[in-house]
Amino acid sequence: MTLHAPIAPRPAFEEVPPPGDYALVRRTIEFISREYRSQPSLCEVAEGVGAPEAELEAALRRWAGLSPKAFLQAVTLDHARRLLAEGLPLLDAAIEVGLSGPSRLHDLFVKHEAMSPGAHKAKGEGLALRYGFADGPFGRTLAVWTERGLAGLAFSDEERGGDAHALADMLGRWPKAQAERDDAGAADHVARVFSPARWRGDQPLRIVLIGTDFEVRVWQRLLDIPLGCADTYSSVARDIGAPQASRAVGAAVGRNPLSFVVPCHRVVGKSGALTGYHWGLTRKRAMLGWEFGLRHPD
DNA sequence: TCGCGCAAAGCAC
DNA sequence: GTGCTTTGCGCGA
């Protein structure tokens with residue numbers, strides 16, 4: 001396993017993967033989740049999602065860098081189980097002592113700071129936020145940031161209330177903060193987060209974790225789960241020193257404001273079941289499949 | 001009270 | 001035996 005080696009971006013990943021393909025990807029994952037028992041062929045999947053076989057194949061290659069067969073594997077139920085069986089790579093000493101630096105195990109190279117409990121209790125009073133919407137590889141994306149870094153990333157789905165719901169869900173966490181709309185800024189943040197070519201240790205992504213002490217401890221632990229890997233709620237609970245608190249960990253993971261950047265999609269049940277995802281299980285599968293494509297270009 | 005859990009126990013193939 | 005559901009326990013907000 002070469003988990004710590006830099007991931008060589010495929011040509012298609014020099015920039016953000018094409019947002020337009022996500023709609024088809026999403027239908028494909030939904031179809032597979034429904035029909036996986038019957039092991040559908042590519043032809044049947046194409047028919048099920050209403051796209052020509054060639055177009056489906058081209059879209060999967062553009063979006064995930066995977067052949068249809070590899071993509072189907074990466075989003076089936078057993079995928080998470082396989083990831084768990086592989087186990088996490090051991091931390092090497094250089095990383096363990098470098099805790100103050102960017103979180104190097106996470107390929108996004110995130111540099112995080114936590115907001116003080118006092119500031120959190122004030123429900124964002126005095127906090128100046130900017131926010132906006134932009135298209136991304138997992139659909140329409142909401143970004144929220146402060147001058148210190150990215151504070152929120154979420155998704156807007158038409159069938160779940162669209163932009164208004166996504167925004168209320170996010171800004172409701174800091175009801176007393178001021179928020180100013182800036183779609184151009186959001187487009188920059190979204191492009192930065194979802195372009196693997198820009199995940200560089202010398203230019204870490206700055207993020208701000210705003211939450212309770214327990215939540216921030218959970219989120220920081222999630223940053224140590226490497227790209228394309230998976231870990232369990234109970235093991236996260238053990239690692240933050242609260243071995244009985246796996247359910248509380250689940251709740252904290254579910255309150256993660258920074259979807260994808262704080263990789264809550266890499267936490268699954270001990271059995272390998274995906275259990276849940278704030279922005280829909282389909283999207284969790286999509287993220288795991290996309291990451292699989294980054295690690296195993298074919 | 002609730003929730004993106006867990007493990008044991010019960011049940012059905 | 002495997003796989004699924006139910007039950008009781010557990011935690012922090």
Side-chain angles (χ1 to χ4, degrees), chain A residues 26 29-30 33-39 75-85 87-88 106 114-125 138-139 142 152-157 159-161 165-166 168-176 209-225 228-291:
Chain A
R26 195 181 68 145
I29 294 172
E30 281 165 355
S33 307
R34 240 177 9 248
E35 307 290 335
Y36 71 98
R37 283 166 215 280
S38 62
Q39 304 264 29
V75 297
T76 37
L77 286 178
D78 286 336
H79 183 233
R81 209 163 290 155
R82 279 194 298 274
L83 291 180
L84 286 180
L88 292 180
H106 184 33
M115 188 146 281
S116 72
H120 173 251
K121 277 213 185 80
K123 300 197 182 297
E125 183 148 29
F138 300 102
L142 165 67
L153 204 71
F155 300 98
S156 160
D157 289 310
E159 64 275 19
R160 294 214 277 167
H165 179 264
D169 181 58
M170 179 64 72
L171 295 185
R173 297 154 187 263
W174 314 296
K176 294 189 177 171
L209 299 175
I210 309 175
T212 66
D213 182 61
F214 181 84
E215 287 167 345
V216 169
R217 262 158 55 215
V218 171
W219 300 337
Q220 285 176 340
R221 172 65 186 74
L222 300 191
L223 290 173
D224 291 334
I225 307 176
C229 295
D231 206 349
T232 65
Y233 298 96
S234 48
S235 119
V236 171
R238 177 178 21 86
D239 290 352
I240 63 167
Q244 313 284 77
S246 52
R247 193 156 187 181
V249 165
V253 170
R255 260 177 263 122
N256 164 32
L258 274 162
S259 168
F260 188 77
V261 175
V262 173
C264 58
H265 56 284
R266 296 181 195 147
V267 192
V268 302
K270 208 167 194 181
S271 69
L274 297 193
T275 61
Y277 192 61
H278 190 78
W279 295 279
L281 280 180
T282 296
R283 192 172 267 111
K284 190 169 182 174
R285 278 186 226 292
M287 287 179 177
L288 290 170
W290 191 74
E291 294 189 341

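Each chain gets a letter, A, B and so on, in the order the sequences are listed, and its residues count up from 1.
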I need the CG-P distance between D231(A) and dC4(B), as an integer number of Å. 19 Å
Nearest-Å distance, CD (Q244(A)) to P (dG12(C))? 10 Å
Base dC4(B) paired with Y277(A) side chain (donor-acceptor, <3.5 Å): no
Distance check needed: dG3(B) C1' versus D169(A) CG, whole Å only. 15 Å
Determine the Euclidean distance between corresponding P atoms of dC9(C) and dC4(B); express it in Å to zero decimal places. 22 Å
Calculate the interatomic distance between R255(A) atom CZ and dG3(B) atom C1'; express it in whole Å. 8 Å
Spacing between E215(A) atom CD and dA13(C) atom P, to the nearest angstrom: 6 Å
Can you pull out every side chain to side chain donor-acceptor pair (under 3.5 Å) where at least one residue sits in residues 239-254 of chain A? Sequence neighbours excluded, please. R221(A)-D239(A)
E159(A) with R26(A): basic N within carboxylate O range, under 4.0 Å: yes
Please identify each residue that fulfils side-chain hydrogen bond (donor to acceptor under 3.5 Å, both in side chains) with T275(A), with sequence neighbours left out. Y233(A)
Nucleic acid contacts of residues 245-253 of chain A, taken as heavy-atom distances under 4.0 Å to DNA chain C: A245(A), R247(A), A248(A)
Distance check needed: dC11(C) C1' versus R238(A) CZ, whole Å only. 17 Å
Taking F138(A)'s backbone N and O only, do any of them form a donor-acceptor pair with R283(A)'s side chain (distance below 3.5 Å, no angle check)? yes
F214(A) has an atom CZ; how far is it from atom P of dG5(B), in whole Å? 13 Å
Can you list everything that forms a ring-ring contact (aromatic ring centres under 6.0 Å, His included) with F214(A)? Sequence neighbours excluded, please. none
Nearest-Å distance for atom pair NZ/C1', residues K270(A) and dG10(C): 14 Å
Nearest-0.5 Å distance, OG of residue S156(A) to CG of residue L142(A): 8.0 Å
Candidates W290(A), Y277(A), W279(A), F155(A) - the one meeting ring pair (Phe, Tyr, Trp, His ring centres under 6.0 Å) with F260(A): W290(A)
Distance check: side-chain N/O of S234(A) vs OP1/OP2 of dG5(B), anything under 4.0 Å? no
List in chain and number order the residues that pass side-chain contact (heavy atoms from CB on, under 4.5 Å) with R238(A), two or more places apart in sequence or in another chain; answer none if no residue qualifies. S235(A)
Smallest separation among heavy atoms of V253(A) and C264(A), with atom names: CG1-CB, 3.4 Å
Quick one: stems for DNA chain C, with Watson-Crick or G-U pairs under 3.5 Å, at least three in a row? B:1-3 with C:11-13, B:5-13 with C:1-9
